[in-house]
Amino acid sequence: MGEEAHFYGNAEVYWRDVPPTVDGMLGGYGSISDIDLNGSKAFLKKLIGEGEGKTGTMCALDCGAGIGRITKRLLLPLFQTVDLVDVTQEFLDQARTYLGEESKRVGHYFCTGLQDFVPEPGRYDVIWIQWVIGHLTDEHLVKFLERCQGALRPGGVVVIKDNVAYEGVVPDDVDSSVCRDLQIVRRLVAKAGLRIVHQEQQMDFPKEIYQVHTLALR
């Protein structure tokens, strides 16, 4: 337990020192925010709407939401209500300001790590998990995905968007996280009882950062 507590504790300390800005949320890569959000919007629009295999637009959950960058530009324009969960209270406090008038459509702000977060059963059409699975151990990621599956409305979908390593697991001691390769992510998704229904690579990111893949799960 000591090593696991160290892993999570160091991450909390790291994020407490990060400025509550878009640039801070993106580790100094604030310039990629528009590219990221446009790619996510195109991906998500293939999953929502009317018809067979589509999910509704009542309520979404933003996991590792930070100041609400994704909530503001991706989720609130598409969903009636959005909930945010993040481990850093300062980010959630800033989100209320950052989201402005649209913050009235936020249902809940949850301040907790995803390893401890239990989403309300049957509440969400989309659970969006971006750039945060590396802060969970394999066991906690599987258990969290299992809880997410139970939190979906009929036809709902879980979306993971994250960096993937070229091979194996690459630790990052700076922010106390890991980067897994795609094969490992797929294995953990399957272990949680979910299947990948759509997958894309995010294009046009700087060459020096890891590839980013988006996976829709049911």
Side-chain angles (χ1 to χ4, degrees), residues 1-34 36-37 40 60-76 82-100 102-103 106-120 127-145 147-148 151 158-165 169-180 185 188 205-206 208-210 212:
M1 281 303 293
E3 188 175 329
E4 188 176 278
H6 194 66
F7 176 69
Y8 288 118
N10 284 354
E12 288 190 38
V13 169
Y14 169 83
W15 286 107
R16 275 204 297 269
D17 289 336
V18 169
T21 62
V22 169
D23 207 46
M25 300 301 96
L26 293 174
Y29 281 92
S31 60
I32 71 170
S33 187
D34 284 350
D36 167 59
L37 290 162
S40 295
L61 174 65
D62 186 355
C63 298
I67 64 168
R69 181 187 72 92
I70 292 166
T71 289
K72 181 172 185 169
R73 297 272 309 277
L74 176 68
L75 300 177
L76 279 173
V82 180
D83 292 345
L84 288 75
V85 55
D86 197 275
V87 75
T88 306
Q89 185 63 53
E90 184 187 3
F91 294 165
L92 294 174
D93 292 342
Q94 179 62 26
R96 289 173 164 84
T97 302
Y98 179 70
L99 296 174
E102 289 297 275
S103 66
V106 171
H108 304 283
Y109 297 87
F110 299 106
C111 185
T112 182
L114 298 184
Q115 71 274 15
D116 299 316
F117 180 60
V118 182
E120 180 184 327
I127 297 176
W128 192 272
I129 310 168
Q130 182 162 346
W131 283 324
V132 69
I133 64 168
H135 284 300
L136 294 172
T137 64
D138 286 2
E139 181 184 2
H140 281 157
L141 176 54
V142 169
K143 288 181 176 176
F144 178 61
L145 289 174
R147 295 196 296 274
C148 285
V158 177
V159 179
I160 293 175
K161 184 170 186 177
D162 220 305
N163 300 332
V164 296
V169 179
V170 182
D172 186 336
D173 293 332
V174 174
D175 68 355
S176 191
S177 69
V178 297
C179 184
R180 303 170 176 94
V185 174
L188 295 173
F205 272 2
E208 69 269 19
I209 68 174
Y210 287 112
V212 171

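Just so you know, these numbers come straight off a predicted model, no measurement behind them.
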What pair of heavy atoms forms the shortest contact from [X] to [Y], and how long is it?
X      : Y      : value
Ala95  : Gly66  : CB-O, 4.3 Å
Val18  : Gly24  : CG1-O, 3.4 Å
Tyr14  : Val174 : CD1-O, 3.4 Å
Leu99  : Gly68  : CD2-O, 3.7 Å
Ile133 : Arg180 : O-NH1, 3.1 Å
Val85  : Cys63  : CG1-CA, 3.6 Å

Hey, what do you get for [atom1] ([X]) to [atom2] ([Y]), rounding to the nearest 0.5 Å?
X      : Y      : atom1 : atom2 : value
Leu188 : Lys143 : CG    : NZ    : 13.0 Å
Arg96  : Leu84  : CZ    : CG    : 9.0 Å
Asp62  : Thr71  : CG    : OG1   : 3.5 Å
Ile70  : Met25  : CD1   : CE    : 11.0 Å
Phe91  : Trp15  : CZ    : CH2   : 6.0 Å
Asp17  : Glu12  : CG    : CD    : 12.5 Å

Given side chains that start at C-beta, do those of [X] and [Y] come closer than 4.5 Å, heavy atoms only?
X      : Y      : result
Tyr98  : Val22  : yes
Asp36  : Trp131 : yes
Gln94  : Thr21  : no
Ile67  : Lys72  : no
Val164 : Tyr210 : no
Gln115 : Glu4   : no
Val170 : Val178 : no
Tyr29  : Pro206 : yes

Does the side chain of Arg69 come under 3.5 Å of the side chain of Ser33 through a donor N or O and an acceptor N or O?
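Short answer, yes.
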
Establish, from distance only, whether the side-chain atoms of His135 and Tyr8 form a donor-acceptor pair under 3.5 Å.
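The criterion, which ignores hydrogens and geometry beyond distance, is not satisfied for Tyr8 and His135.
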
State whether the side chain of Lys161 and the backbone N or O of Val212 hold a donor-acceptor pair below 3.5 Å, judged by distance alone.
no

Quick one: does any side-chain atom of Ser103 pair with a main-chain N or O of Gly100 as donor and acceptor, under 3.5 Å?
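Yes; judged by distance alone, with no hydrogens or angles, the pair exists.
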
Go through the steps for Asp175 and Ser177 under the test side chain to side chain donor-acceptor pair (under 3.5 Å), then give the verdict.
CA-CA 6 Å; Asp175 68 355; Ser177 69; 2.7 Å; yes

Find out whether the Lys NZ or Arg CZ of Arg147 is both under 6.0 angstrom from the six-membered ring centre of Phe117 and within 45° of the ring's axis.
no

Any salt bridge (charged side-chain N to carboxylate O under 4.0 Å, His left out) pairs touching residues 82-91, not counting sequence neighbours?
Asp83-Arg123

Hey, which of Leu114, Ile127, Ile129 is the one that makes side chain to side chain contact (heavy atoms under 4.5 Å, CB included) with Leu145?
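Exactly one option meets the side chain to side chain contact (heavy atoms under 4.5 Å, CB included) with Leu145, and it is Ile129.
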
